[in-house]
Amino acid sequence: MTEPITQPPANEAGGYDPAAIEHKWQTRWRERGTNATDLAGGDRPFYALMMFPYPSAEGLHVGNLFAFTGNDIYGRFHRLRGHTVFEPLGYDAFGIHSENYALKLGRHPADLIPKNIANFRRQLERAGLMVDWRYSVSTTDPGYYKWTQWIFLQLLKRGLAYKKKGAVNWCPKDKTVLANEQVVAGACERCGTMVEQRFLEQWFFSITKYAQRLLANLDWIDWSETTKTAQRNWIGRSEGVEIGFEVLASGDGGARASTGDAPRINVFTTRGDTIFGASYLVLAPEHPLVVGLATPAQRAEIDAYRQRAAKQDLVARKVTKEKTGVFTGSYARNPATGQPIPIWIADYVLMEYGTGAIMAVPGHDERDFEFSQVYGLPIPRVVAADGEAPDAPLTAAFTENEGGRLVNSGRLDGMTVEEGKRAAAEWLSGMGAARTVVNYRLHDWCISRQRYWGPPIPVIYCDACGPQAVPESDLPVLLPNIADFTPDDSGISPLARHHEWYLVPCPTCGALSRRETDVSDTFLDSAWYFLRYPSAHRDDVPFDAALTKKWLPVNSYIGGNEHAVLHLLYSRFITMVLHDAGHIDFDEPFTKFRAHGHIVRDGAKMSKTKGNIVNPDDLIDEWGADAFRTYLMFLGPYEDGGDYRDRGISGVKRFLDRLWSSVGNARTDGTPDDAVMRKLHQTIRKVGDDIPRLSYNTAVAAMMEYINVVRAHERVPHRAEIEPLVQLVSPFAPHIAEELWERLGHDGSVMDAGWPEYDPALASEETIEIAVQVNGKTRGKVRVAKDADQAATLAAARADVQIAKFITGEPKKIIFVPGRLINIVV
RNA sequence: GCGAGAGUGGCGGAACUGGUAGACGCGCAGGACUUAGGAUCCUGUGUCUUCGGACGUGGGGGUUCGAGUCCCCCCUUUCGCACCA
């Protein structure tokens with residue numbers, strides 16, 4: 001007798017109706033506060049964070065939901081395992097992207113953002129995310145950016161924020177400066193316009209002071225290796241020496257440029273061992289010493305070159321890589337050889353790195369080699385490979401470190417490169433000509449933007465008192481609602497057109513003063529939002545001390561690797577600063593970070609420009625959120641992304657339909673099938689092992705496999721066989737899981753039902769299949785008891801005629817791997 | 001150029017520390033049930049085959065009883081960084 005637990009679904013053939021049950025459960029979750037986290041209570045807090053989106057007008061795309069769903073599953077799984085899980089989500093709504101879009105429409109971003117946010121929220125709720133919306137934040141909310149400005153003041157107070165006039169990246173289209181991190185191959189990462197170099201006064205954060213710490217902590221934080229590597233490369237630590245070259249009286253007939261004391265030119269090199277091969281110096285065109293070095297005969301040419309270099313956008317310099325330069329007419333003394341060497345200027349030397357000057361070793365540096373060829377300069381050899389003559393001419397720069405020995409290098413002769421580096425540093429230091437230094441590729445973070453849509457930088461300029469921090473009690477400095485926020489080419493923010501806003505009394509002396517009219521970089525908004533979530537309800541402090549202590553650092557952070565060196569580096573930096581200032585007690589924000597992959601379709605990453613986007617609303621309408629979520633997770637390894645194929649979702653929907661009818665048909669009489677129960681416990685183990693590894697695709701496959709086994713055994717499964725599967729599937733397909741859980745007669749949410757335990761004894765087979773190889777080739781398989789020994793297995797193999805025929809003689813050797821295989825060598 | 005990954009059926013992808021290659025799904029083929037099927041269910045599906053087998057994880061070597069997995073060389077490709085001295 002079969003006694004169904006509930007009536008089988010009406011439309012059994014067509015499967016279940018997702019729209020109805022998803023609506024029902026989303027409503028019920030809201031009413032019951034199922035997704036609300038008790039931040040103060042709960043003894044096993046787990047903060048499952050995902051990178052917050054920028055609320056675009058187009059709404060969420062499939063890629064966003066792929067990312068969010070992966071995090072949601074991780075959070076739901078931890079909840080089932082008994083953690084109190086906090087899964088907040090907010091909006092990164094300031095920034096050029098939002099502002100440009102508003103400009104395009106001729107609208108105001110302050111009007112557009114709330115609509116976009118409402119649309120995002122609608123889509124996110126439809127997707128069934130376990131988000132606690134009470135703790136949402138938007139970076140554009142004055143209650144939020146008040147504290148963004150407060151963070152700026154903390155850096156200012158600690159001497160980590162400063163204003164400097166310098167060469168900065170200027171995007172002529174977006175009409176603002178950009179951080180180095182926002183310039184990709186010489187172009188604006190946002191709009192693709194080639195970036196120009198401008199000399200402007202800008203606000204910087206001294207992130208370089210934290211370079212060593214940002215690098216060192218990478219050794220212990222649990223992050224995706226690809227992300228850590230990207231950060232290491234970006235920080236770009238290199239050890240070397242700074243060597244001083246004394247400038248000589250001119251070799252140009254004594255007509256030396258008019259300077260008093262002979263200046264020294266400091267260069268940075270990682271190859272101090274090649275000092276004897278340094279045959280000329282090169283200064284960046286902007287180098288301050290260039291003016292003094294230019295001899296009268298060379299002056300005109302030098303000036304022309306410098307002007308060209310200054311005007312030239314960084315792109316031309318970086319992309320063409322053609323070597324050009326001009327001889328200054330002056331010479332310096334190589335401290336090792338004592339010989340005079342010419343001083344050149346060339347734009348392949350960058351003012352921003354090292355000292356802005358190099359010693360050129362054309363024999364052993366590709367760029368110097370190329371430059372020497374262009375200008376016919378000598379190319380001496382100071383390193384030779386094993387067995388190579390010391391004077392063998394060089395046809396290319398010899399840059400190998402391994403196996404080289406120093407030659408033509410006086411006291412360094414015969415040393416390896418590494419020995420030479422140490423010896424040269426020691427020797428030159430002893431002469432007072434050098435010191436060892438560490439250089440970083442990382443530059444200070446330029447945070448000011450000549451745009452409108454961002455938090456105003458909280459500084460007031462007073463003629464009498466100088467720049468003054470806005471008192472913390474006066475925060476926030478509200479962004480005024482102005483109509484004409486179009487940026488112009490002046491290098492000054494649109495806010496500077498509004499004297500009624502920027503003219504304010506000096507906070508110190510009261511005299512009429514000017515506000516800073518630049519706003520801060522969007523990346524400052526997002527560098528601390530994860531600190532704000534648990535304290536989003538507090539308007540008197542940036543972060544509640546007790547809640548912060550309890551919930552931070554973030555247990556798990558998931559996001560795209562495109563932020564490997566932007567957001568993730570800035571967040572670490574801001575966290576360190578806040579730690580050092582005593583506001584928080586940890587200095588790394590994300591204990592664990594995993595970069596998710598990207599969804600591609602038709603061979604390209606989904607994007608509007610490629611025309612291959614898929615609207616999640618349509619998919620949810622047609623298939624339901626559960627099938628959509630589960631399908632996204634089934635596409636491929638979460639950390640690799642997946643290839644979206646339009647038809648694939650049908651397989652997942654079929655799986656959910658089968659789950660639905662299996663539960664609907666389940667019987668309570670009789671006993672469960674042994675083989676099915678063993679498979680069940682194996683599946684519980686497998687899914688529980690896979691989810692923490694983010695191996696969602698194999699977890700889904702295991703559940704599919706299980707339901708296939710159930711159905712192959714009995715058309716009417718026992719309740720005990722199918723009920724735990726509802727729990728297993730709940731992180732992926734929460735709505736159907738809730739509905740089935742209820743139909744199974746449970747009162748509470750399946751999210752509070754816990755994770756089923758597997759029985760290790762049941763999860764292991766009683767009898768197992770052992771592969772039989774003869775001479776390493778698989779010839780068949782035999783079924784034996786799970787603890788069968790070698791003799792028993794061999795006997796079983798011989799008993800199988802299909803296998804026995806390959807065993808043509810007495811075994812010479814037998815390799816037996818219990819539970820795995822037996823290999824008979826004859 | 002430098003750095004980090006990746007190459008497995010028609011397709012997306014499985015395969016834990018070397019141990020039954022191709023799980024799971026799509027697609028495809030055949031069948032059942034149907035007035036009908038782009039629904040559902042069942043069966044099959046790496047290639048070749050003289051039906052005994054043989055060959056198969058980008059290519060070529062190697063280690064091993066045994067290699068998708070480890071080592072060496074090469075090819076292709078994706079993603080970072082890109083004149084950083």
Side-chain angles (χ1 to χ4, degrees), chain A residues 11-15 184-186 224-234 236-238 240 267-271 274 282 317-323 346-350 352-361 365-368 370-371 439-443 561-562 564-565 597-598 600 605 631 634-637 640-652 654-655 657-658 661 689 693 695 697-706 708 711-712 715 769-781 805 811-817 819-826:
Chain A
N11 56 341
E12 164 137 42
V184 177
S224 295
E225 273 310 314
T226 52
T227 312
K228 292 211 254 188
T229 303
Q231 291 214 348
R232 285 195 185 101
N233 291 343
W234 189 261
R237 177 190 160 98
S238 46
V267 305
F268 173 73
T269 180
T270 55
R271 291 295 305 274
T274 60
V282 188
R317 273 170 84 160
K318 287 187 176 175
V319 174
T320 70
K321 294 190 179 180
E322 269 169 33
K323 299 289 176 291
D347 63 9
Y348 80 92
V349 173
L350 309 176
E352 312 92 74
Y353 185 76
T355 61
I358 62 154
M359 65 176 207
V361 185
D365 180 279
E366 278 165 25
R367 296 150 299 181
D368 299 341
E370 206 183 309
F371 189 81
N439 253 310
Y440 296 94
R441 222 190 72 114
L442 183 70
H443 288 42
N561 223 8
E562 62 272 19
V565 294
H598 289 283
V600 301
K605 199 162 136 178
Y631 176 54
F634 185 60
L635 285 175
D640 294 352
D643 190 347
Y644 185 90
R645 279 150 300 120
D646 296 352
R647 284 189 163 152
I649 194 168
S650 61
V652 171
R654 236 190 305 274
F655 162 66
D657 285 339
R658 289 169 179 178
S661 59
D689 285 348
R693 298 193 289 131
S695 187
N697 56 330
T698 57
V700 174
M703 291 187 284
M704 288 174 166
E705 198 178 334
Y706 176 65
N708 291 345
R711 289 161 54 82
R715 291 301 305 244
E769 281 199 329
I770 298 267
V772 182
Q773 297 183 341
V774 179
N775 291 339
K777 282 188 193 273
T778 303
R779 294 302 184 181
K781 49 191 99 168
K805 70 183 175 189
K812 289 197 202 99
K813 185 175 175 186
I814 291 175
I815 291 101
F816 179 63
V817 184
R820 282 278 181 193
L821 61 61
I822 184 163
N823 186 8
I824 302 158
V825 184
V826 292

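Proteins get letters first, then strands, A, B, ... in listed order; numbering begins at 1 in each.
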Taking the nucleotide of RNA chain B with the closest heavy atom to each, which residue, Asp365(A) or Asn697(A), is nearer the 5' end?
Asn697(A)
Rounded C1' spacing from U64(B) to G80(B) in Å
37 Å
Between C26(B), C83(B), G25(B), spot the one nearest the side chain of Met704(A), thanks.
G25(B)
Nearest 0.5 Å please: distance from the CZ atom of Arg232(A) over to the CZ atom of Arg237(A).
12.5 Å
Figure out the CG/C1' separation between Leu821(A) and A67(B), and round it to whole Å.
13 Å
About how many Å separate CG of Asp368(A) and OH of Tyr348(A), when rounded to the nearest 0.5 Å?
3.5 Å
When the P atoms of G9(B) and C73(B) are compared, how many Å lie between them, rounded to an integer?
26 Å
Classify the nucleic acid contact of Asn708(A) as base, sugar-phosphate or nothing, counting any heavy atom under 4.0 Å across all strands shown.
sugar-phosphate
Are any protein N/O atoms closer than 3.5 Å to N/O atoms in nucleotides 50-57 of chain B? If there are, list each pair with its distance.
from	atom 1	to	atom 2	distance (Å)
G53(B)	OP1	Lys805(A)	NZ	2.7
A54(B)	OP2	Arg779(A)	NH1	3.1
C55(B)	OP2	Lys777(A)	NZ	3.3

Show your working on side-chain contact (heavy atoms from CB on, under 4.5 Å) between Met359(A) and Thr274(A) and close with a plain yes or no.
CA-CA 10 Å; Met359(A) 65 176 207; Thr274(A) 60; 3.8 Å; yes
Whole-Å gap separating C1' (G27(B)) and CG (Asp643(A))
14 Å
If you compare all heavy atoms of Val652(A) against all heavy atoms of Met704(A), which two are closest, and at what distance to 0.1 Å?
CG2-CE, 3.9 Å
So which heavy atom on Thr270(A) is nearest to which on Ser238(A), and how close?
CG2-CB, 3.9 Å
Nearest 0.5 Å please: distance from the CZ atom of Arg658(A) over to the CG atom of Asn708(A).
5.5 Å
Say we look at C72(B) and A6(B): how far apart would their P atoms be, to the nearest angstrom?
15 Å
NE2 on His443(A) to CH2 on Trp234(A), rounded to 0.5 Å
9.0 Å
Counting neighbours of CD on Glu366(A) that are heavy atoms of other residues, nucleotides or ligands and sit closer than 6.0 Å, is the number greater than 12?
no
Rounding to 0.5 Å, atoms CD1 (Ile358(A)) and CG (Asp365(A)) come to a distance of 6.5 Å
With C1' as the reference atom in both, quote the distance from A54(B) to G58(B) in angstrom, rounded to an integer.
22 Å
Distance test, side-chain N/O of Thr698(A) to OP1/OP2 of G13(B), below 4.0 Å:
no
Evaluate side chain to side chain donor-acceptor pair (under 3.5 Å) for Asn561(A) paired with Thr226(A), printing each intermediate quantity in order.
CA-CA 8 Å; Asn561(A) 223 8; Thr226(A) 52; 3.2 Å; yes
Within this structure, what is the CZ-to-P distance between Phe634(A) and G27(B), rounded to whole angstrom?
12 Å
C48(B) to U63(B) separation - P atoms, rounded to the nearest Å:
33 Å
Residue Thr229(A), side-chain heavy atoms: nucleotide from A85(B), A4(B), G19(B) that is nearest:
A4(B)
Between A29(B) and G61(B), how many Å separate the two C1' atoms, rounded to a whole number?
41 Å
How many whole angstroms separate atom CD of Glu225(A) from atom P of A6(B)?
13 Å
Return whichever of Ala230(A) or Tyr440(A) has its heavy-atom-nearest nucleotide of RNA chain B closer to the 5' end.
Ala230(A)
C1' gap between C51(B) and U34(B), integer Å
38 Å
In which stems does RNA chain B show up, taking only runs of three or more Watson-Crick or G-U wobble pairs whose two distances fall under 3.5 Å?
B:1-7 with B:75-81, B:10-12 with B:24-26, B:27-32 with B:40-45, B:46-48 with B:53-55, B:58-62 with B:70-74
Nearest-Å distance for atom pair CG/P, residues Asp640(A) and A15(B)
11 Å
Nucleotide C81(B), atom C1' - distance to CZ of Arg441(A) in whole Å
6 Å
Establish whether the base of G80(B) is bridged to the side chain of Glu562(A) by a donor-acceptor pair shorter than 3.5 Å.
no
Between C75(B) and C83(B), how far apart are the two C1' atoms, rounded to whole Å?
29 Å
Check the chi torsion on G52(B) and let me know: syn if it falls within 90° of 0, anti if not.
syn
Listed nucleotide nearest any side-chain atom of Val817(A), set A23(B), G19(B), C65(B):
G19(B)
Answer yes or no: does a side-chain N or O of Asn233(A) lie under 4.0 Å from OP1 or OP2 of A82(B)?
no
Has Arg654(A) got a side-chain N or O lying under 4.0 Å from the OP1 or OP2 atom of G25(B)?
no
Decide, for G37(B), between syn and anti: a glycosidic angle within 90° of 0 counts as syn, anything else as anti.
anti
Using OP1 and OP2 only, check whether a side-chain N or O of Arg658(A) sits under 4.0 Å from C41(B).
yes
Go through A82(B), C41(B), G19(B) for me and flag the one nearest to the Arg711(A) side chain.
C41(B)
Euclidean distance, atom CD of residue Gln231(A) to atom P of G3(B) [Å, nearest integer]:
20 Å
Counting side-chain heavy atoms from C-beta on, which of A23(B), G25(B), G19(B) comes nearest to Ile815(A)?
G19(B)
Starting at atom CD1 of Ile814(A), determine the distance to atom P of G66(B), rounded to an integer number of angstrom.
16 Å
Return no unless some side-chain N or O of Arg645(A) is found under 4.0 Å from OP1 or OP2 of G25(B).
no
Could you check whether the side chain of Lys812(A) and the base of C65(B) have a donor-acceptor pair of N or O atoms closer than 3.5 Å, going by distance alone?
no
Has Lys323(A) got its NZ or CZ under 6.0 Å from the middle of the six-membered ring of Phe371(A), at an angle within 45 degrees of the ring axis?
no
Of the candidate nucleotides U20(B), A23(B), C65(B), which contains the atom at the shortest distance from the side chain of Glu705(A)?
A23(B)
Provide the closest heavy-atom pair for Tyr353(A) versus Asn439(A) in the form atom of the first, atom of the second, distance.
OH-CB, 3.6 Å
